[in-house]
Every structure is written in structure tokens, then in C-alpha cells.
There are 2 protein chains.
Amino acid sequence: MGASEGVRLPQPDLARVDVGTVLHALADPVRRAIVRILTQVGEAPCGALDLPVARSTVTHHLRTLRESGVIETELRGNSRVSKVRRQELDERFPGLLAAILDAEPATADDQASTDDPADTDDPADTDDPADTDDPAGTDRSADTDGPADTDDPADTEEAGR
Amino acid sequence: MGASEGVRLPQPDLARVDVGTVLHALADPVRRAIVRILTQVGEAPCGALDLPVARSTVTHHLRTLRESGVIETELRGNSRVSKVRRQELDERFPGLLAAILDAEPATADDQASTDDPADTDDPADTDDPADTDDPAGTDRSADTDGPADTDDPADTEEAGR
DNA sequence: CCACTAGTTCGATGTGTATCGTCAGATTCG
DNA sequence: CGAATCTGACGATACACATCGAACTAGTGG
């Protein structure tokens, strides 16, 4: 018992957590991957999370997830084992986590590759994440072109009426 | 017919929209308020949205919502009427929008005040939004103390084993 | 035509954030 | 004990983003 229970790191009371906080935490693809992995394996230490970013970045994301109330972490020796506060989240925001997890079906071994293709699918015409991945300068010019095209068809339509 | 149907602004195909895009769009409190209002009244032009930000900021948010696939907007004279792509969202991400809207019950007239108290409730101990509102320096020292306190009880716990 | 309204774009600003590498502290193991 | 491992704090960097006010565009009505 003592061996399986360690000290839990500070975490917010979910009753006090704003839904925007959770949404923001889960808007990041790496953090979503983390949550998916933890949901599938139950719990895992930092080192067991196979993600395409630096270890320090994983640590940063884990902290963000913990501070937003999505996961809980406990000390076990020199490891910090995290797990999703699934029950609490489901009580506080019924259906939210399920909807998000269902939106991106994935296999345990394909986490890293799953995130990459998801980003590839984003490049919809007016999709912001695609803009994020591209150089800012290029994106702005793209955004400028977008509305311009909008105005053109509008003019054409009204002419038709 | 023609009077009720205007030209629709470009919007992404929701089948191609990543859930992270939607999550990010709805992580912002102003944008959430917009979606709530639109959900309640059905549709509304920019000017009918009573929000505690500048008109240009509302425009910016509407654009973000539209480009992320959450709303659709059509030109009607010199107005741009927006509405939530509720059905499509429910098909693409079943339960997501409902969960988010349910997380923040509100009345149509209390949008602005509803957002403010939500921010007030956020100041949980390790809540990021609270950290954002407070001076960064103060928050870091608090965070530094947090883990330190965690380590102390950890030592105590292991001593007990 | 002009005046007015509705809404958007633009530029600037300040803040926030994801990422990385480095280093230090804590724990485990031989 | 020292070496190895695990993890997180720190500092730096580049980019993203919410916000505002001013200027501009498009549509409406007299």
C-alpha cells in the first residue's frame, strides 16, 4: 500500500476550475497526446511518455495539465507518476473529456505519429493551426488574401440579385 | 427568400477541422460568451453582441470563431449575421459543445457579468488564469514554494515507511 | 449625391506560451 | 560511497494572441 501511494503534488480543486482553463490545456496537441496516453495506460511517469518533444517540454506540459486540474501527479521514488483525474472531470464537465478523446482516436504506440498527421489535416483554407505552423509573415499575407476573396463573391452575388 | 439568405463568408469544412482548433477557439471567455449568446438567440449581427470589449475585438473574435469552424456568418445588407454551426459541430464532435455550454450556465442579459465572476472563481491555488492575473514574479515564487512543500511531506512519508 | 451606420482592417502594444538546452536536486543501484 | 537515473527549475528564444483606437470599406437611406 505504502509502496503504491506517494505524495501528491498540489492540484486545484476542480470545482473551482473554469472550463476555459481545461479547454486551453487540451487545445495543445502534445498535451492532448499526454492525456490520451494516460487514459489508455492508466498512469505513467514522465519518462514513459513517448512524445516528439524534449523531456523538459514534456515536464512543462505535465505541469500545465496538473495546474489546470486535468491530471494528478504523485511522487514515487525518483519518478513522478501522473494520471488523468477522469472521474472528477466527468463530474465537473460531463461528457467533455469523452468528446475530446473520441475526436482523436489513437493507438497507444502511435501517439507521436497520430499527432503529426492531425496537424497535417489541419491545413483547411482558413484554419488557424495551419497558420500557426507556417511562418507568421506568410500567414498574415494568407489571412489578408482570405477576406479579399470573400468580398469578391459578395459583390458578384449582389450583382446577381 | 433572397432577403433572408445572404452570401456566406468562407468557412472551413468541419470534417477537416482538428478538435484542438475548436478547443482553442472556445478557450477564450469572450468567444465562449459569443457562442452562448448565439446559441440562445439563434443568430445575431455583430452589433447585437453586448460584450465588454471593443467592437474591433468582437470582430476579431468572430473571425477566429468562423475560421475555426464554430460559427458561420452571412452578409445581409450592411450587417453580418452569425450563428453557431451547432448541427455540424454535434456531428463532428458529439457532446463537446453541449458539455462546454453546460459548464457555464448563463442568462442572455448577464453575459458580460457572467464572464467576470468566472474569472474571479479561477484563483485556485495552482490555477493558471490566476497566475496570469497576478504579477509573474509573485507567482513564480509561489510555485517555487509549492514543490518545496511537496518534498518536505515526501521525506516525512518515506520516513514513516 | 451626401450622411450615416455597420463592420472590418491595420498597426501597435503588452502579455502569454511552446520549445529547447543546461544544470541541479532527489532517488536508486551497484 | 560514487555513479546512474529521473525529473524539474531556469534562462533564453521565437512566436502567438487578445486588445485597442484610428482609418477604411460597404451598404442604406434621404
Side-chain angles (χ1 to χ4, degrees), chain A residues 6-7 9 20 24-25 27-31 44-49 51-68 73-82 128-141 143-148 150-152 154-155 157-158 161, chain B residues 6-7 9 20 24-25 27-31 44-49 51-64 66-68 73-82 128-129 131-136 139-141 143-148 150-152 154-155 158:
Chain A
V7 174
L9 297 188
H24 178 261
D28 180 78
V30 172
R31 291 203 283 272
C46 176
L49 300 170
L51 297 160
V53 291
R55 192 63 30 192
S56 56
T57 302
V58 174
T59 293
H60 170 84
H61 283 308
L62 283 172
R63 178 176 185 166
T64 302
L65 284 171
R66 188 176 72 245
E67 292 180 347
S68 66
T73 305
E74 69 180 54
L75 304 180
R76 301 219 199 121
N78 61 356
S79 280
R80 298 191 173 201
V81 181
S82 301
D128 284 345
D131 293 336
T132 305
D133 293 336
D134 294 340
T138 306
D139 296 333
R140 290 182 180 174
S141 60
D143 288 339
T144 307
D145 293 336
T150 305
D151 293 337
D152 291 337
D155 294 335
E157 179 95 337
E158 289 180 346
R161 298 188 217 174
Chain B
V7 175
L9 298 188
H24 178 262
D28 180 76
V30 173
R31 290 204 284 274
C46 173
L49 299 170
L51 296 160
V53 292
R55 192 60 34 192
S56 57
T57 303
V58 174
T59 294
H60 170 84
H61 283 308
L62 283 173
R63 178 174 184 169
T64 301
R66 189 176 70 246
E67 292 179 345
S68 67
T73 306
E74 70 179 49
L75 303 179
R76 300 214 199 126
N78 59 357
S79 280
R80 297 191 175 202
V81 181
S82 301
D128 284 342
D131 293 336
T132 306
D133 293 337
D134 294 341
D139 295 329
R140 291 182 181 176
S141 58
D143 290 335
T144 305
D145 293 335
T150 304
D151 292 337
D152 291 336
D155 294 334
E158 290 180 347

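Naming: A, B, ... by sequence-line order, numbering from 1 per chain.
The interatomic distance linking A:Leu65 (CG) with C:dT17 (C1') rounds to 14 Å, in whole Å. As rounded to whole Å, 18 Å separates atom P of C:dA6 from atom CD of B:Glu74. Going from atom CG of A:Leu75 over to atom P of C:dT28 covers 11 Å, rounded to whole Å. The CZ atom of A:Arg80 sits 11 Å away from the P atom of C:dA26 (whole-angstrom rounding). Distance A:Arg66 CZ to D:dG8 P: 7 Å, rounded to the nearest Å. Taking atom CG of A:Asn78 as the reference point, atom C1' of D:dG8 lies 13 Å away to the nearest angstrom. Look at NE2 on A:His60: it is 16 Å from P on D:dG11, rounded to the nearest Å. Whole-Å rounding puts the B:Arg63 CZ to D:dC20 P distance at 18 Å.
Panel note: side chain B:Arg55, backbone B:Cys46; a donor-acceptor pair is recorded below 3.5 Å.
In the set C:dT9, D:dT19, D:dA18, D:dT19 carries the atom at the smallest distance from any side-chain atom of B:Val53. The side chain of A:Thr57 lies closest to C:dC20, out of C:dC20, D:dT19, D:dC20. The side chain of A:Ala54 lies closest to C:dG21 when the candidates are C:dG21, D:dA22, D:dA18. Minimum atom distance to the side chain of A:His24 is reached by C:dT17, of the listed C:dT19, C:dT17, C:dT22.
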B:His60 vs B:Thr64, side chain to side chain contact (heavy atoms under 4.5 Å, CB included): CA-CA, chis, key distance, verdict: CA-CA 6 Å; B:His60 170 84; B:Thr64 301; 3.8 Å; yes
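With sequence neighbours excluded, the residues forming a side-chain contact (heavy atoms from CB on, under 4.5 Å) with B:Ala44 are B:Leu38, B:Val41, B:Ala48, B:Leu49, listed by chain and number. Here B:Val81 pairs with B:Glu43, B:Pro45, B:Arg76 under the side-chain contact (heavy atoms from CB on, under 4.5 Å) rule; sequence neighbours left out.
In the interface, the side chain of B:Thr59 is not paired with the base of C:dG7 through any donor and acceptor atom under 3.5 Å apart. Judged by atom type and distance alone, A:Ser56 reaches the base of C:dG21 through a side-chain donor-acceptor pair under 3.5 Å.
The minimum heavy-atom distance between B:Val30 and B:Asp28, with the atom names listed, is N-OD2, 3.1 Å.
Within 4.0 Å of B:Ser79, counting heavy atoms only, lie sugar-phosphate atoms of the nucleic acid but no base atom.
Distances shown here put every side-chain N or O of A:Arg55 at or beyond 4.0 Å from the OP1 or OP2 atom of C:dC20. At C:dT27, none of the side-chain N or O atoms of A:Arg76 fall inside 4.0 Å of OP1 or OP2 (strictly under the cut-off).
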